[in-house]
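This report concerns only the one structure given below.
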Amino acid sequence: MPSESHSSFELQSHLRDHLGILVRHRRPFVALFLGTVASTLVISYLMTPIYEATIKVMVTEVQTQIDITRQLVPVADKEFFQTQVEILKSRPVAEQVVTRLKLDTRVVPLTVLDRLLAGWLWIRLVLSGGGGTRDASLAAYFRFQDEVTNLARRITVSAVRNSQVVEVTAEDHDQLMAAKIADTVGAVFLERLLELKRDDSRKANQYLTARLSEVEKKLVTSEEALRRFQEEKQAVHLDTKIRNLVEVKTINVDDDLAQVQKSLQEETARFEQLGHQLMDQRKKVASGQQGGAISEMKVVLMQKETELARLLTAYTSAHPDVQKLEQELETVRRRISTEQNLLTSGSALAADKVTESLEEGYNNSQQSLKVLLTRKQTLIRLKDEYRFLLRELLNLKARNAILQRDLDVNQKVYEMLLLKQKEASLKEALTIAGASIVEPATIPKRPIRPRKIVNLALGLVVGLTLGIGLAYFLEYLDTTLKSKAEIARILGAPVLATIHNRALIDGVAGGVEKVSLTLPTSPMAEAFKSLRASIKHAMSAIGGKVLLVTSAYPGDGKTTVATNLAISLAQSGDRVLLVDGDLRNPKVDDLFELKGKPGLGNVVDSEIETMLHPCGQEKLLVLPAGKRLSNPSEFLESPKVKQFIKELRERFDWIVVDSPPVNVVSDPMVLGPQVDGVLLVVFAGREDRSALEAAVERMRSVHATILGGLINNIQTPGSGDQYYYYRYRRYHGYGYGYGYGYGQSHGSRGDERESGEDEGRQQARGE
């Protein structure tokens with residue numbers, strides 16, 4: 001299909017397209033451009049000239065700080081340098097400059113803009129009811145603070161790269177004052193730097209003095225505590241006392257204890273030997289006598305005494321086992337005494353002298369053991385007392401050492417703080433600024449602002465940019481069709497011809513509706529001949545001969561195009577039929593004065609010969625709309641009409657059908673499938689892309705073949721692809737109905753549709 005064959009038919013936009021945008025919106029573009037440039041010049045000449053003065057300050061000293069535990073240590077140069085820059089930017093420096101130069105009391109000349117701003121502020125103050133007087137001192141304070149803030153904004157501090165130099169730049173409307181401000185900033189900075197450095201040393205000195213007093217009090221307290229402790233505890237010569245206790249007394253007690261232990265072992269051995277001998281002797285005596293009860297008890301007594309002697313070697317007499325055994329011995333002795341009293345005197349009570357001798361030795365040994373054990377216990381107790389005394393002496397020595405160490409620490413801290421305090425006092429006395437002015441300010445000759453040439457260039461660039469942006473923004477808002485390429489893209493087919501402004505043929509008899517007949521050599525007639533050639537070429541590609549002419553909305557000139565195309569085809573020698581397919585509001589009938597004659601609406605009840613009428617052009621016949629119908633769409637879709645069109649194909653070389661607008665009624669959609677091709681007429685300066693897109697979509701929905709488009713009423717002939725439109729108001733209603741024409745009810749369509757428009761404009765629309 002031709003629509004498919006032309007689907008790749010698109011024209012690339014180039015420089016002329018962009019220039020066309022600027023030309024179409026030249027008035028707002030030029031207005032914005034000139035307004036921006038003019039505003040830039042006015043502002044530049046109304047601005048107060050600003051002068052700039054610069055001084056250079058060199059920072060040469062590395063700052064030092066007091067460390068109470070070490071020597072004076074240097075701070076990094078980079079940090080110190082940045083600190084000086086921040087001091088220069090500080091508000092106290094600006095306050096000192098304002099105070100010295102009395103900037104808050106000087107009279108500043110006002111520019112035109114300043115006066116306008118001051119007037120506006122005064123009006124706002126009055127309207128807000130704040131016109132009352134304020135306290136004079138408070139007003140002066142706020143004026144001073146405002147001037148400080150303003151000055152801080154006009155002072156710029158920057159470090160010179162790879163050097164220790166800082167540039168301080170001051171701005172002012174007064175040349176001399178700019179230099180004074182820069183010099184004063186440098187002087188205030190040097191004074192403040194010196195004051196800050198002295199203040200650091202002074203604070204360090206004060207801190208060290210306070211700490212020195214505290215440590216001195218602690219030192220006195222430590223000395224008093226050590227003295228009191230030594231007096232109360234008699235803790236003098238503790239080392240001598242401890243050495244005498246350990247080396248003399250403890251050693252003597254150990255020697256005595258060892259000797260007693262040795263004697264105790266020897267006496268124990270002798271006691272045990274005597275015990276065994278006495279036991280044996282008593283056994284002998286007992287075996288020689290008849291009553292051996294006393295002898296047996298004596299044997300038990302001897303055993304227990306031996307056991308007691310053994311226990312006393314290990315325990316004291318206060319031990320429970322020793323006391324129990326002594327009680328048992330006492331019981332046995334009483335029993336022996338009782339038994340001996342019961343025995344008769346004489347031979348039964350006689351004791352063997354040997355036994356008595358052994359018993360006497362045994363008892364003496366037992367007494368010796370007791371004496372040795374008592375001595376041992378005394379020595380052990382004395383050794384424990386010496387051990388306790390040594391522990392007490394060691395505790396006193398440890399406490400004395402703690403007090404002495406506390407005294408020594410306080411003494412050392414006191415001596416160190418005293419040294420640092422003297423160093424801080426010396427540093428405070430020897431402090432210097434550490435910075436100097438290497439280049440004072442000079443009075444500037446020329447202002448740095450405003451730079452009129454630069455501002456003008458910037459205004460030109462900004463104005464041009466804003467103007468172009470505005471033009472493209474307006475172009476974006478403009479939905480009208482811009483170029484043949486855009487129309488061809490929407491159609492999916494080429495633009496076959498363009499019809500120029502009717503002004504080219506003003507005064508032609510009969511108007512433009514039949515210009516190909518009335519003025520066949522005019523440029524407009526030539527345009528229709530070009531359309532004829534394009535139509536023939538396009539139709540020959542598909543082998544068709546029936547062409548439907550329609551448009552998106554009424555007033556686009558489709559009837560004029562259909563009529564002149566039919567005349568031009570007939571002038572080429574072909575048999576042509578012009579069909580008025582607009583059964584709702586026929587226009588061809590009026591053009592050829594065929595109103596009331598039988599036509600397309602009479603297909604059912606009339607012969608074909610009676611419906612074809614001559615029009616003054618050889619080989620051209622006209623089929624008028626005929627009688628008015630109540631259902632045009634249903635009628636055009638009837639088999640009778642389809643058969644009628646087939647019959648007409650056999651009798652004519654070309655059939656041109658004028659139809660209603662496709663976006664208003666459905667008649668073109670009914671006729672589209674019955675014809676071979678469709679020509680869409682686009683009225684320049686009024687059609688927008690959405691309307692054309694809707695028309696194309698409606699025709700394609702019924703599979704109609706769109707051969708191409710025709711641009712009507714183009715404004716500037718010879719402009720190629722670029723032409724210029726007037727914006728139009730969107731249609732809100734077609735007004736198409738029975739009994740009245742759509743040309744009389746389209747007030748919302750545009751200014752051209754008003755009832756008071758002139759006849760020539762109506763002829764230009766062709767309907």
Side-chain angles (χ1 to χ4, degrees), residues 544 546-563 565-566 577-591 594-595 598-604 611 622-646 648-649 655-683 687 691-692 694-707 709-710 731 733-746 749 765-767:
V546 182
L547 177 68
L548 178 69
V549 181
T550 186
S551 64
Y553 289 108
D556 291 339
K558 56 182 178 52
T559 301
T560 300
V561 172
T563 301
L565 177 60
L577 175 65
L578 175 61
V579 180
D580 192 346
D582 192 348
L583 302 180
R584 304 171 188 267
N585 190 20
K587 291 295 183 180
V588 176
D589 296 16
D590 296 336
L591 289 177
L594 297 176
K595 193 171 184 179
L600 184 59
N602 304 99
V603 168
V604 178
M611 294 184 291
V622 177
L623 177 63
K627 68 177 180 179
R628 303 295 293 273
L629 302 174
S630 60
N631 52 350
S633 295
E634 291 77 2
F635 172 75
L636 293 175
E637 200 172 7
S638 63
K640 186 66 176 179
V641 174
K642 294 180 180 178
Q643 181 61 34
F644 179 68
I645 293 176
K646 289 182 180 180
L648 294 177
R649 286 176 179 272
I655 301 174
V656 180
V657 181
D658 178 30
S659 70
V662 64
N663 285 352
V664 180
V665 294
S666 61
D667 297 2
M669 299 175 64
V670 174
L671 293 172
Q674 303 180 42
V675 301
D676 300 320
V678 177
L679 176 66
L680 276 170
V681 178
V682 181
F683 193 90
E687 210 71 73
L692 185 59
V696 171
E697 181 64 26
R698 291 169 70 89
M699 295 306 296
R700 285 179 179 170
S701 66
V702 296
H703 303 289
T705 302
I706 299 176
L707 296 180
L710 178 137
Y731 287 88
Y734 185 72
Y736 228 121
Y738 305 110
Y740 57 88
Y742 52 75
Q744 298 174 351
S745 59
H746 302 148
R749 173 73 184 217
R765 290 194 302 271
E767 291 184 0

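Because only heavy atoms are used, hydrogens play no part in the values below, and waters and symmetry mates are left out as well, while side chains stay in.
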For the atom pair [atom1] ([X]) and [atom2] ([Y]), what is the distance rounded to the nearest 0.5 Å?
X	Y	atom1	atom2	answer
Leu636	Met669	CG	CE	13.0 Å
Arg649	Leu577	CZ	CG	12.0 Å
Glu637	Asn631	CD	CG	11.0 Å
Leu671	Lys642	CG	NZ	10.5 Å
Asp658	Asp582	CG	CG	6.5 Å
Asp580	Leu600	CG	CG	8.5 Å

Qualifying residues under side-chain hydrogen bond (donor to acceptor under 3.5 Å, both in side chains), relative to [X], sequence neighbours excluded:
X	value
Asn602	none
Asp667	Arg584, Ser633
Ser638	none

Task: Pairing residues for Asp589 by the salt bridge (Lys or Arg N to Asp or Glu O under 4.0 Å) criterion, not counting sequence neighbours - done: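 If we apply the salt bridge (Lys or Arg N to Asp or Glu O under 4.0 Å) test to Asp589, skipping adjacent residues, there are no hits.
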- [ ] Please list, chain by chain and in numerical order, all residues satisfying salt bridge (Lys or Arg N to Asp or Glu O under 4.0 Å) with Lys627, sequence neighbours excluded.
- [x]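 Asp605.
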TODO: Kindly say whether Ser659 contributes a backbone atom to a donor-acceptor pair with the side chain of Lys558 at under 3.5 angstrom?
DONE: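 Yes, Lys558 side chain to Ser659 backbone: donor-acceptor pair under 3.5 Å.
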- [ ] Only one of Thr563, Leu591, Val657, Leu565 passes side-chain contact (heavy atoms from CB on, under 4.5 Å) with Leu578; say which it is.
- [x]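 The residue from Thr563, Leu591, Val657, Leu565 that satisfies side-chain contact (heavy atoms from CB on, under 4.5 Å) with Leu578 turns out to be Thr563.
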- [ ] Please identify each residue that fulfils side chain to side chain contact (heavy atoms under 4.5 Å, CB included) with Val675, with sequence neighbours left out.
- [x]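 With neighbours one apart ignored, the set is Val546, Leu548, Val678.
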Where do [X] and [Y] come nearest, in terms of heavy atoms and distance?
X	Y	answer
Ala695	Leu680	CB-CD2, 4.5 Å
Val665	Pro660	CG2-CB, 3.3 Å
Phe683	Asp556	CB-OD1, 3.2 Å
Ala691	Tyr553	CB-CE1, 3.4 Å
Ala694	Asn663	C-OD1, 3.6 Å

Does any non-hydrogen side-chain atom of [Y] lie less than 4.5 Å from one of [X]?
X	Y	result
Val588	Leu594	no
Asp590	Lys595	yes
Ile655	Leu623	no

Open item on the list: What verdict does the side chain to side chain contact (heavy atoms under 4.5 Å, CB included) test give for Thr550 and Arg698, after you've listed the backbone C-alpha separation in whole Å, the side-chain angles of each residue and the deciding distance to 0.1 Å?
Closed with: CA-CA 12 Å; Thr550 186; Arg698 291 169 70 89; over 6 Å; no
